[in-house]
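Written below as structure tokens is the structure these notes are about.
All figures in this text were calculated on a predicted structure; none of them were measured in a lab. Along the sequence shown, residues are numbered consecutively beginning with 1. Atoms within each ligand, like the ligands themselves, are counted from 1 in listed order.
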Amino acid sequence: MARWFVGRAAMNEAIDIDLIDLAEANLPATLKDVPPPEVEATNSRLADADAFVMITPEYNHGYPASLKLALDSARDEWMAKPVSFVSYGGMAGGLRSVEQLRQVCAELHMVSIRDCVSLHNCHGLFDEAGLLKEPSAPDAAVRTMLDRLLWWAVALRDARAERPYGA
Ligand SMILES: Cc1cc2nc3c(=O)[nH]c(=O)nc-3n(C[C@H](O)[C@H](O)[C@H](O)COP(=O)(O)O)c2cc1C
């Protein structure tokens, strides 16, 4: 799913992508007073970003613990930046995960944008080459989401540069 999304997003020349795979980030399962190097390394990549796209499945109507841990392990790195979502799962396409994430992202002072990408019944969507069998609707959703995300990324980057976000 991430490979597909990054492939589509990379077509937009205005975007530089840094893909953080939480399965490889090795964040410790509990929060520490002094962040270990793995947390520092991930957070420094988050700090460099002007916008976020969270790619999330849905497990038992929720998003994975690895994503919550990443959210809780940073603070200022998220603030005053826009976020959108690519979600996938069974019938609901991961949308319950997205609605839960919007609540958490608001607490972290992120701006969650309206448009996201949702793929339902995800196991049958890709062919053996990893390409979507029916790409037109998802591709259009990615374009719309990225257009809106970019608008907010530029607006909030300029605003942060003009006046530091105090929280
Ligand atoms: C334990 C478990 C619970 C799941 N619960 C949901 C669910 O509540 N809603 C949904 O849409 N899909 C659900 N699924 C389907 C997963 O979202 C789907 O298998 C997805 O591919 C998992 O993402 P991953 O392969 O990246 O881990 C569940 C799958 C498992 C194994």
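- Glu99 and Arg102 are joined by a salt bridge, as a carboxylate oxygen and a charged side-chain nitrogen come within less than 4.0 angstrom of each other.
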Solution key, residues 159-166 side-chain donor-acceptor pairs under 3.5 Å, sequence neighbours excluded:
from   : atom 1 : to     : atom 2 : distance (Å)
Arg160 : NH1    : Ala80  : O      : 2.8
Arg160 : NH2    : Asp50  : OD1    : 2.9
Tyr165 : OH     : His109 : ND1    : 2.7

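- Of the possible donor and acceptor atoms, one in the side chain of Ser118 sits under 3.5 Å from a partner among the backbone N and O of Gly93.
- A search for side chain to side chain donor-acceptor pair (under 3.5 Å) contacts involving Lys133 returns nothing, not counting sequence neighbours.
- Protein residues with a heavy atom closer than 4.0 Å to ligand 1 are Pro57, Glu58, Tyr59, Asn60, His61, Tyr88, Gly89, Gly90, Arg96, Cys122, His123, listed by chain and number.
- In this structure Arg148 satisfies the salt bridge (Lys or Arg N to Asp or Glu O under 4.0 Å) test together with Asp115, sequence neighbours excluded.
- Between the side chain of Glu24 and the main chain of Leu22, no donor-acceptor pair closer than 3.5 Å is present.
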